[in-house]
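Some notes on the structure that comes next.
Below, read A as the first sequence line, B as the second, and so on, with proteins coming before strands; counting in each chain starts at 1. Since this is a predicted model, take the numbers as computed values, not measurements.
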Protein chains: 2
Amino acid sequence: MVSSTPELLTPDLLPLETVHHVRDTCLCLATQRAARRLARHFDNALRRFDLTNNQFSLLVSINRPVPPAIGQLAPFLAMSASTLTAAVKPLARRGLVMIEPDAEDRRSKRLRITPVGVALMREAVLVWRSAHADYERGLADGAADALRAALAGVEPEG
Amino acid sequence: MVSSTPELLTPDLLPLETVHHVRDTCLCLATQRAARRLARHFDNALRRFDLTNNQFSLLVSINRPVPPAIGQLAPFLAMSASTLTAAVKPLARRGLVMIEPDAEDRRSKRLRITPVGVALMREAVLVWRSAHADYERGLADGAADALRAALAGVEPEG
DNA sequence: CTAGTATAGTTTGATATCAAACTAATATGG
DNA sequence: CCATATTAGTTTGATATCAAACTATACTAG
């Protein structure tokens, strides 16, 4: 019982009012929590392909007629170039992506999805579709659209 | 120029329609992007305390009259117990948190914020407040509330 | 009481994340 | 042309994240 161990109480705390304010209003905390839950859901769904939700999103983003450079992709994914450099490595190791120096600017490197990557993604997209439907099915009507709209509302530059 | 390097085009791609559908509708991708942006904003603001946004949220969550156990805190933060075990270590090393075995169930460990942790957080909360105001100031009217509401709408159990 | 089961955390090995410092290549000024 | 500044990526070292396998403790049937 709690009351039987008064010596365990911490006497000197932040005001609980402050704590509750942070917990109820912090957009960062709320977003990190939702991000972890969503990541788990899609990581589970994509596990059969040995893809994480991040790797799936990265492969989708790389699937462009002109292979994008790291410097273009990182802002789109809202991640640093150093994170992207690291994220590409396991995919390149598996032959799903190729890293090619740009002929016109040898500092720049373009990321190209390989035929093996495309073949894997053809299947993975089907599973993504069903995992997304699963997820939305657990939400109230309009909740998914509301979240999409709200997240669009916090994008920089509209 | 793009058209001058046709040999760089990947012939075999997923349909761009599919790609655009994923990019425009995936709640996971949209949430991870927002989570990264928000994390960076608050990591920057809290850097002067050598706290990450995660460590800040964790310390806020630990600041309770009865020190919570790992098994209680992990679901609240929507993270696994193994992640929480790891996250506590740097804070314990710095003396901001203490890990105490529960007297009534020696499997369980309670996390207590120390006086040093409370003192640090008194300052950090002020900075959080101003960083949050900064962030909201960059949004359209109602965007923050809309995001809070939308994120609440994807919480399990209401 | 004891065997089996369930629960609470930890460890391990992998990916994910960033800032800061670094390397290499391009652009610019003189 | 050369020196400087800028830009594109990479490396480093730290935290963050998870599932799976593990340890230790508690519970529960028989």
### Message
Closer than 3.5 angstrom, by distance alone: can the side chain of H132(B) be matched with the main-chain N or O of T25(A) as a donor-acceptor pair?
### Response
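Flag set: sc H132(B) to bb T25(A) pair under 3.5 Å.
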### Message
Treating R106(B) as the side-chain partner and A103(B) as the backbone partner, does any N or O pair qualify as donor plus acceptor under 3.5 Å?
### Response
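No; judged by distance alone, with no hydrogens or angles, the pair does not exist.
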### Task
Could you check which residues of residues 71-81 of chain A get a heavy atom under 4.0 Å from DNA chain C? Sort them by number, please.
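Within residues 71-81 of chain A, the residues near DNA chain C are A78(A), M79(A), S80(A).
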### Query
Centre of Y135(B)'s six-membered ring, under 6.0 Å away, within 45 degrees of the axis: is that where NZ or CZ of R129(B) sits?
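No, R129(B) does not sit over the ring of Y135(B).
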### Query
Could you walk me through whether R40(A) and D43(A) pass the salt bridge (Lys or Arg N to Asp or Glu O under 4.0 Å) check?
CA-CA 5 Å; R40(A) 266 198 300 273; D43(A) 283 350; over 6 Å; no
### Message
Classify S108(A) by what it touches in the nucleic acid, base, sugar-phosphate, or nothing, heavy-atom distance under 4.0 Å.
### Response
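It contacts sugar-phosphate atoms only.
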### Message
What contact category does T83(A) fall into here, base, sugar-phosphate, or nothing, at under 4.0 angstrom with non-hydrogen atoms?
### Response
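Here T83(A) touches the bases of the nucleic acid.
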### By side-chain hydrogen bond (donor to acceptor under 3.5 Å, both in side chains) - contacts of D24(B) (at least two apart)
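side-chain hydrogen bond (donor to acceptor under 3.5 Å, both in side chains) list for D24(B), sorted by chain: empty.
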### Sequence-distant partners of S80(B), side-chain hydrogen bond (donor to acceptor under 3.5 Å, both in side chains), two or more places apart
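Per chain and number, S80(B) pairs via side-chain hydrogen bond (donor to acceptor under 3.5 Å, both in side chains) with S82(B), T83(B).
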### Message
Contact between I62(B) and L58(B) at the side-chain level, heavy atoms closer than 4.5 Å - yes or no?
### Response
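In short, these two side chains touch, coming nearer than 4.5 Å.
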### Message
A side-chain contact here means heavy atoms from C-beta on lying under 4.5 Å apart; do F56(A) and L29(B) qualify?
### Response
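Sidechains of L29(B) and F56(A): no contact.
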#### Entry: Passing option when E100(A) is tested against R112(A), K109(A), R110(A) for side-chain hydrogen bond (donor to acceptor under 3.5 Å, both in side chains)
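Of the listed residues R112(A), K109(A), R110(A), the side-chain hydrogen bond (donor to acceptor under 3.5 Å, both in side chains) partner of E100(A) is R112(A).
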### Message
Assuming nearest nucleotide by heavy-atom distance, tell me which of P90(B) and S82(B) is located more 5' along DNA chain D.
### Response
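Result of the comparison: P90(B).
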Donor-acceptor pairs under 3.5 angstrom involving side-chain atoms of residues 86-97 of chain B: please list them, not counting sequence neighbours.
residue : atom : partner : partner atom : Å
R94(B)  : NH1  : D50(B)  : O            : 2.5
R94(B)  : NH2  : F49(B)  : O            : 3.0

Quick test: give all pairs of protein nitrogen or oxygen and nucleotides 4-6 of chain D nitrogen or oxygen below 3.5 Å, distance rounded to 0.1 Å.
none

### Query
If we fit an axis to the first five pairs and another to the last five of the helix from dC1(C)-dG30(D) to dG30(C)-dC1(D), what angle do they make, to the nearest 10°?
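The end-segment axes of the helix from dC1(C)-dG30(D) to dG30(C)-dC1(D) are tilted 10° relative to each other.
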### Query
Want to settle it: does R93(A) or R106(A) sit nearer the 5' end of DNA chain C, counting the closest nucleotide to each?
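Nearer the 5' end of the strand: R93(A).
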### Task
Under 4.0 Å from any heavy atom of chain B: name the first and the last nucleotide of DNA chain C that qualifies, 5' to 3'.
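Extent of the interface on DNA chain C: dA6(C) to dA19(C).
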#### Entry: Within residues 31-57 of chain B: residues closer than 4.0 Å to DNA chain D (heavy atoms)
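Of all residues in residues 31-57 of chain B, the ones placing a heavy atom under 4.0 Å from DNA chain D are T52(B), N54(B), Q55(B).
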### Message
Taking salt bridge (Lys or Arg N to Asp or Glu O under 4.0 Å) as the definition, give me every residue that meets it alongside R107(A), ordered by chain and number, with sequence neighbours left out.
### Response
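Result, salt bridge (Lys or Arg N to Asp or Glu O under 4.0 Å) vs R107(A): D105(A).
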### Message
For R48(A), give me all partners under salt bridge (Lys or Arg N to Asp or Glu O under 4.0 Å), at least two apart in sequence or on another chain.
### Response
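Scan of R48(A) (salt bridge (Lys or Arg N to Asp or Glu O under 4.0 Å), adjacent residues dropped) gives none.
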### Task
Starting from C1' on dT7(D), measure out to CG on D102(A) and report it in whole angstrom.
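In whole Å, dT7(D) C1' and D102(A) CG are 13 Å from each other.
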### Task
Please collect all side chain to side chain donor-acceptor pair (under 3.5 Å) contacts where either partner lies in residues 115-128 of chain A, sequence neighbours excluded, each pair once.
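Those involving residues 115-128 of chain A are R122(A)-D12(B).
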### Task
Scan for side chain to side chain donor-acceptor pair (under 3.5 Å) pairs involving residues 29-39 of chain B, sequence neighbours excluded, and state none if there are none.
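Output for this query lists N54(A)-R36(B), E155(A)-R37(B).
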### Task
Please test E17(A) against H21(A) for side chain to side chain donor-acceptor pair (under 3.5 Å), starting from the C-alpha separation and ending with a verdict.
CA-CA 6 Å; E17(A) 182 181 294; H21(A) 177 63; over 6 Å; no
